[in-house]
There are 2 protein chains.
Amino acid sequence: MLSKNEEDYLKVLFHLLTGEGGDRAGTNQLAQQLEVKPASANSMLKRLSEKKLVEYQKYSKPILTPLGRATALQLIRRHRLWETFLFQKLNFAWDEVHEVAEQLEHVQSEKLIEQLDRFLGYPKFDPHGDPIPDAQGNMAVREYELLANIAPGQRVRITGMKDSSTAFLQYLNDLGLALHSELLVLEHIPFDNSLRLALPDGLTAQVSEKFALHVFVLRLD
Amino acid sequence: MLSKNEEDYLKVLFHLLTGEGGDRAGTNQLAQQLEVKPASANSMLKRLSEKKLVEYQKYSKPILTPLGRATALQLIRRHRLWETFLFQKLNFAWDEVHEVAEQLEHVQSEKLIEQLDRFLGYPKFDPHGDPIPDAQGNMAVREYELLANIAPGQRVRITGMKDSSTAFLQYLNDLGLALHSELLVLEHIPFDNSLRLALPDGLTAQVSEKFALHVFVLRLD
DNA sequence: ATGCCGTGTTAGAGTTGTCTAACAAAAGAA
DNA sequence: TTCTTTTGTTAGACAACTCTAACACGGCAT
Ligand SMILES: [Mn+2]
Ligand SMILES: [Mn+2]
Ligand SMILES: [Mn+2]
Ligand SMILES: [Mn+2]
């Protein structure tokens, strides 16, 4: 059985190694993500290696073993199910769920997660649009495109966010946008690659390229 | 902020000191309840004393400060709300809720508990019939009498259990009894103080005095 | 009052995790 | 290639627990 800390390190490592350019992930990135010093991350890498979750030799990049990957996916499953619960049943806002799920994910009970999944109706995506792995670690592939790449005139639906920071989520909230919101790209301004959008409430908004690079969408029609 | 372990020690101490004959509770009882050695309980008593939750001088019985009592009641609130959630929403059996609630109770989030309480409809009692403290630490007084003291001919409703051990809860289950079950005392056998009962399903059962001393009831009619 | 036994306390060591400070290796620039 | 910067590793200390083993206190019986 893994400790809460071992689980958190493993999960962060999974995200670092699975995200784009994940091959460059090492001790320092791991430490930074977890807000600890590199010395701490280094000693945890050794411990995870002892437990056969990570393959690690000094001065080379760590990789997850199949066991490590499977274990991380189960933790991600728990995290996203709890986020969904908080959002759907307990009136938590979009940007409030993560912090609490970060604690709830460590509760050890097979039955708890099974029953929570059933209670929520076997959701496929969490409130941020991220796919929820099933008990076998399989998850839906989210078909998405970046909003930044959509041509004017195209209607789209928001399917996820690349960034789940509070600042970003609250900005989205202020625009009246959420997962599943539909919007229309009105204009593309070549100077700075910003976009003019028609929002669900009928208003229009001008958003930066940086914004548009953080929103995943599905083309409609 | 208290650690998970500090919270658990505090809660057990509260139950030891609040239960009948709670004045006799000391280092050894505390250690036994928590399944640790007396040396460990002793050092935790010092730490809780440092944090002004317990008044403690060596070789004398510890008592809770008002702050310690209030803190313990909030933990008990969280525990019983989670038990209620697991029982009512996630199909957990009566004797399965405690172990998981023992973990969930340590999740730190005011909003989580507020919203959970609302989601459950502000329940006054947990699945074992134990009262749930409100945010101020107040709880309903459960009017109860021991089944052992009920005279033949009296109809009663089960309002709680003095013992929440798995063995006891499963015996109750096997008899078809649960919280709120109604039953009729048919006969009192003076020889061993056992009772004959009419059960909800129409059958009768013979139960020992020990059993009858662990069930709280309300007289009906 | 003395002695015994159960209760309670301390010292000292181990585990899991953290940090700082010093150092070693690898990568990049000149 | 040689220097410099970034990245990674180690040693050693500390905190929050845990334990075992030795010891002190206090209540009770003779
Ligand atoms: Mn976490
Ligand atoms: Mn999420
Ligand atoms: Mn607990
Ligand atoms: Mn209970």
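Lettering of chains follows the sequences in order, A, B, ..., and the numbering in each one begins at 1. Note that the structure is a prediction, hence the values are computed from the model and not measured.
Judged by closest nucleotide on DNA chain C, L45(B) is the one of A41(A) and L45(B) placed further toward the 5' end. When the nearest nucleotides of DNA chain D are assigned to P38(B) and K51(B) by heavy-atom distance, the more 5′-ward of the two goes with K51(B).
When rounded to the nearest whole Å, the span between CD of E6(B) and C1' of dA15(D) equals 11 Å. Atom OH in Y56(B) sits about 7 Å away from atom C1' in dG8(C), given to the nearest Å. Here the C1' atom of nucleotide dA24(C) and the CG atom of N28(A) are 14 Å apart, to the nearest Å. Computed from coordinates, the E50(A) CD to dT15(C) P distance equals 13 Å when rounded to whole Å. Rounded to whole Å, atom P of dG8(D) lies 15 Å from atom CD of Q57(A).
Remark: K111(B) NZ is packed, more than 12 non-hydrogen atoms of other residues, nucleotides or ligands lying under 6.0 Å away.
Side-chain nitrogen and oxygen atoms of N5(A) include at least one within less than 4.0 Å of the OP1 or OP2 phosphate oxygen of dT18(C). A sub-4.0 Å separation between OP1 or OP2 of dT10(C) and a side-chain N or O of K46(B) is present. Regarding contacts with the backbone of dT10(C), every side-chain N or O of Y59(B) stays at 4.0 angstrom or more from both OP1 and OP2. Considering only side-chain N and O atoms, N42(B) lies under 4.0 angstrom from the phosphate OP1 or OP2 of dT9(C). In terms of phosphate contacts, S40(B) brings a side-chain nitrogen or oxygen within less than 4.0 Å of OP1 or OP2 of dC19(D). At the phosphate of dT16(C), neither OP1 nor OP2 sits under 4.0 Å from any side-chain N or O atom of S43(A).
Looking at the side chain of Y9(B), the nearest of the listed nucleotides dT10(C), dT7(C), dT18(D) is dT18(D). Nearest to the side-chain atoms of R47(B) among the listed nucleotides dG8(C), dA16(D), dA21(C) stands dA16(D). Closest to the K58(A) side chain, of the nucleotides dT18(C), dC17(D), dT10(D), is dT10(D). Of the candidate nucleotides dT9(D), dC17(D), dT10(C), dC17(D) has the atom nearest to the side chain of S3(B). Considering only the side chain of K61(A), dT7(D) comes nearest among dG8(C), dT7(D), dT18(C).
For residues 96-125 of chain B, every residue pair satisfying the ring pair (Phe, Tyr, Trp, His ring centres under 6.0 Å) rule, not counting sequence neighbours, is listed here: H79(B)-H98(B). Residue pairs meeting the side chain to side chain donor-acceptor pair (under 3.5 Å) criterion with at least one partner in residues 56-72 of chain A, sequence neighbours excluded, are N42(A)-Y56(A).
Of all heavy-atom pairs spanning E105(B) and K11(B), the tightest one is OE1-NZ, 2.8 Å.
Between F211(A) and Y171(A), the ring planes lie perpendicular to each other; the angle is over 60°, past the 30° to 60° tilted range.
Contacts between residues 29-37 of chain B and DNA chain C, counted as heavy-atom distances below 4.0 Å, involve no residue at all.
The side chain to side chain donor-acceptor pair (under 3.5 Å) with S194(B) is formed by just one residue from the set H188(B), K210(B), Q206(B); it is Q206(B).
Remark: side-chain polar atoms of W82(B) are not paired, donor with acceptor, to backbone N or O of V100(B) under 3.5 angstrom. Side-chain atoms of S49(A) never come within 3.5 Å of backbone atoms of L45(A) as a donor-acceptor pair (strictly under, hydrogens ignored).
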